[in-house]
Protein chains: 2
Amino acid sequence: MVVTSHDVARLAGVSQPTVSRALRNSPKVSEETKRRVREAATALGYVPSETGRALSSGRTRRIGLLLTDLENQFYPHVIAPMHRELEALDYQLVLQTESSDTGRVAERLLANSLDGVLLATTTVDSVLPVRLRDRGVPFVYFNRTSESVAADSAEVDAESGMHELARRILELGHRRVGAIFGPRNASTAEHRERALREALAAASVTVSGSMSYRGPFDVETGYVGARRLLEAEQPPTVIVCGNDVVAYGALNAAHELGRAVPGEVSIVGFDDLPEARWPMMQLTTVAFDLDAMARRAASLLVARIERGPDEPYRHESFPSRLVERRTLGAAP
Amino acid sequence: MVVTSHDVARLAGVSQPTVSRALRNSPKVSEETKRRVREAATALGYVPSETGRALSSGRTRRIGLLLTDLENQFYPHVIAPMHRELEALDYQLVLQTESSDTGRVAERLLANSLDGVLLATTTVDSVLPVRLRDRGVPFVYFNRTSESVAADSAEVDAESGMHELARRILELGHRRVGAIFGPRNASTAEHRERALREALAAASVTVSGSMSYRGPFDVETGYVGARRLLEAEQPPTVIVCGNDVVAYGALNAAHELGRAVPGEVSIVGFDDLPEARWPMMQLTTVAFDLDAMARRAASLLVARIERGPDEPYRHESFPSRLVERRTLGAAP
DNA sequence: TGGTTCAGTGTATGCGTATGCATCGGAAGA
DNA sequence: TCTTCCGATGCATACGCATACACTGAACCA
């Protein structure tokens, strides 16, 4: 039924190992034989079995991508460039989502015989990196880090953009600054929060507890958080969101409450997703090269897989900067 | 380095096949032995190699999902439910995107030793289904069909919703009906177009060539198409879009041109994605249970894989209905 | 008591590819 | 002409698991 290298060997009049070598373009096979083998392979429609190859070589050329939530609007812009990069490097992408049972995720990742794992979940789970390290499964942190287990990483430098944003916010006269931060235990959320607070503190502006909200990086958080902040007695004049997706939710809340943006309240995001540029949206946001960062994470992982565990860890940092659009204006 | 069933066998004092049987809970192994094997497996942290299992069993428990464009806003709402369903059925999801070189895609799909493929691309490529059939790789059409090669399918019944929409549009006094259809050679696009035209024809309303635009199901198409239609001398009073994502683009165009929605122009989508419900958006659209449809496609495929090729093909149809929100109003 | 049966386990083998090593034949050098 | 060497190929085997089949011993029946 299925064509194997033996069938090709028979047709080409050579042995099976010669087929293997010929098709992998080994220099130990004569050009004439390669030609015959290739012809036979084409004639039979032979495609090498990845399973056989994996068992024999110990490499699957498959990489796992661990995400928090497949439906989050952030991830398509991560998955796509990673997929493109990995395709070019001849690797496959297998999706995994975080389940409540971390042990099971780890087990699946390992059983899957993945060559490596891209950790793109927001919250830092301390168990998984340890297990991966112990099993010798290469992995890379994407848009997060962990102090506990060292590994390659691709991250945003939030400071530059956040400082720029804070300066501009103050310049526009805002003093009641609200914020919707990301979840606790998420390094990305912490970096952004700290950068914002530090930059504002320079002008003695603080984000008080009643002026802030905290939750997962999703639309719901932005919506609920912004409603809460905007319906307070002294609502903020600007709401800085943990990322663009959260800002979408905040915009929805403002829209629903009939608050003009940026007339009555300014809203700012982080990430500069393609949707932020939509005429409908025109979201002012802190931008960085997400596409490049995703591709970099993928290539870092492949380099780690192919060059081995002895290379020093690389921590790629992507600078951020403010992109002003419509949703940030002068304080009312 | 890596723990195999042999290691477990040695520790448990049994043979390797007994380990295999015990862990797969075969009735041919005594409870006492199972207990010992399980203990040994846990002690060693044994996780069966999927590669070994795949080579031996001929099944990879991996399913390919072929998409047009990973960054399209439609797909997260497809990927997520499929992933959930497949996870419950203990299958993995591997992403593939359509490349220009169809042959290469087919080859990769086959080499990948996938147990089956979910075809979720919009355009009907005639080569791939044939190759999959010839190789005996089970597959399911999702949100599309092909007359040439029979297979299970999960599709929308566009007629009910489109008729409802047409009736409502006419009722609201619209006579200049514009449309942004999906791409040519896409069965989904054709169904929706035909259903709309038929329903309008009953009232002698037609969508002329100058009142329609055609392109891939993406934001760009909606934006470009709507700009073209709206900047014409006699712009339509309503624009029916091939799907919600296209409608996002149309809304962007209307926004940019300063046309009030639905005051000056009504815009309607199809799919009822979660984003359509956003207060910012409030898109009137033709809805169906996309989540269920995606899950159904996945379970149809698994059933096909596990029950074999002799079962009759199943064509699941999901009814559609109009969901009125803000973007459809009376004709100006 | 001998034969039959069956539960439980081991042995042998296959799945498809990659690779270390042996082999072979011809060319080059002595 | 004999040896040496090397390019080209075949042989044997490993990878980890699943499964057909063989085997063993105990229980049961006649």
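Lettering of chains follows the sequences in order, A, B, ..., and the numbering in each one begins at 1. Every heavy atom of this structure was used, including side-chain atoms; hydrogens, water molecules and symmetry mates were not. From a predicted model like this one, the values you see are computed outputs, not experimental measurements.
Separating the CG atom of B:Leu55 from the C1' atom of C:dT17 is a distance of 9 Å, rounded to the nearest angstrom. Here the P atom of nucleotide C:dT9 and the CG atom of B:Leu23 are 14 Å apart, to the nearest Å. Rounded to an integer number of Å, the gap from CZ of A:Arg21 to C1' of D:dA12 is 12 Å. Atom CZ of B:Arg36 is separated from atom P of C:dG8 by 13 Å (rounded to the nearest Å). We find that CZ of A:Arg24 is positioned 13 Å from C1' of C:dG16, with the value rounded to whole Å. To the nearest angstrom, P of D:dC17 lies 8 Å from NE2 of B:His6. Remark: P of C:dT9 and CZ of B:Arg35 are 12 Å apart, rounded to the nearest angstrom. Nucleotide D:dA8 holds its C1' atom 11 Å from the NZ atom of A:Lys34, rounded to whole Å.
The stretch residues 37-50 of chain B touches DNA chain D through B:Tyr46, B:Pro48, B:Ser49, each having a heavy atom within less than 4.0 Å of the strand. Only A:Gln16, A:Pro17, listed by number, bring a heavy atom of residues 9-17 of chain A to less than 4.0 angstrom from any atom of DNA chain C.
Summarising the geometry, atom NE2 belonging to B:His83 is positioned 6.0 Å from atom CD belonging to A:Gln96; distances are rounded to the nearest 0.5 Å.
Between B:Arg53 and A:Val29, the residue anchored closer to the 5' end of DNA chain D is A:Val29, taking for each the nucleotide with the nearest heavy atom.
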query: How does protein contact run along nucleotides 22-28 of chain C, one letter per nucleotide 5' to 3', with B for base contact, S for sugar-phosphate only, - for none, heavy atoms under 4.0 Å?
result: -------
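No option in B:Leu65, B:Leu67, B:Leu128 other than B:Leu128 meets the side-chain contact (heavy atoms from CB on, under 4.5 Å) test with B:Leu119.
Using a 4.0 Å heavy-atom criterion, one finds that A:Ser30 contacts the sugar-phosphate atoms exclusively.
Between the side chain of B:Ser56 and the base of C:dG14, a donor-acceptor pair under 3.5 Å is found.
B:Lys34 has a carboxylate O that lies under 4.0 Å from a charged side-chain N of B:Glu31, or vice versa, which qualifies the two as a salt bridge.
Residues A:Thr121 and A:Arg144 bring a donor and an acceptor atom of their side chains to less than 3.5 Å of each other.
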